[in-house]
Amino acid sequence: MLDFLIAFVDDHLRLGLTGDEAQHLDEQMRHVREALPRIRSYSAIIMDRITPELAGREWYTLRCPDCLKWALLAEGGEVRCLFCEARWEAEAFVLPYAVEVLEHSWRDYRKTGPPTEDCPERGAHALIDEAYLAAAPEDARQYCFGCSTEFQGLESCMRCTRLSQPADGPTICNDCLGDLG
Ligand SMILES: [Zn+2]
Ligand SMILES: [Zn+2]
Ligand SMILES: [Zn+2]
């Protein structure tokens, strides 16, 4: 992130400046570059401190939308980052995860609404169709931040479109099954 910022300043901001402004920016950037090793080691110190706390919780650990570290714990219905200490309500977490971590377009969601689904277990409106857990960082899972459960292969109910565990034959959720009597 810092490397990106520095490159951005060099490539974009610096080019438009001349004279005193350019000199001032160069001075500021020199301070930033000097501070980099300290900032990096600070980050390593925090990671060292939180690594034992994350150990064994790989199925509840995701990347944080704020700091992008694999330090976000979604456990017991709580969503909090051990690295940057950001916290979210389970239901409000899906959108920042999709936009910042999955890099989906914010604009698309303004039209369609956040990509938040109902959980087939307890009904919390806090499930995302695509999430990556530290235990299997390459495999997309479906994850409910309300009950901190990961799912695989949920399909839309053919009657109400809510995600549901597929059975043999057409997928129908338990609620709809109940309605149909
Ligand atoms: Zn964070
Ligand atoms: Zn759930
Ligand atoms: Zn249904």
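Computed from a predicted model, the values in this text were never measured in an experiment. Just so you know, ligand 1 is whichever comes first in the structure, and atom 1 is the first atom listed for that ligand.
Formation of a donor-acceptor pair under 3.5 Å by the T51 side chain with backbone atoms of M47 is found in this model.
Each protein N/O/S atom under 2.8 Å from the Zn ion (ligand 1) was counted, for a total of 4.
A chain of hydrophobic side-chain contacts below 4.5 Å, direct or via other Ile, Leu, Val, Met, Phe, Trp or Tyr residues, connects L54 to F83.
Vertex the Zn ion (ligand 2); arms to C147 atom SG and C119 atom SG; angle 120° (nearest 10°). Here the angle centred on the Zn ion (ligand 3), running from SG of C157 over to SG of C160, is 110°, rounded to 10°. The Zn ion (ligand 3) is the vertex of the angle joining SG of C173 and SG of C176, which measures 100° to the nearest 10°.
A salt bridge does not link R80 with D66: every distance from a Lys NZ or Arg NE/NH1/NH2 to an Asp or Glu carboxylate oxygen is 4.0 Å or more. Salt bridge annotation for R159-D179: present, with a cationic side-chain nitrogen under 4.0 angstrom from a carboxylate oxygen.
Here the side chains of R57 and L73 are in contact, with some heavy-atom distance below 4.5 Å. Side-chain contact between R141 and Y132 is absent, with no heavy-atom pair separated by less than 4.5 Å.
Closest heavy-atom contact between P120 and L127: CD-CD1, 3.9 Å.
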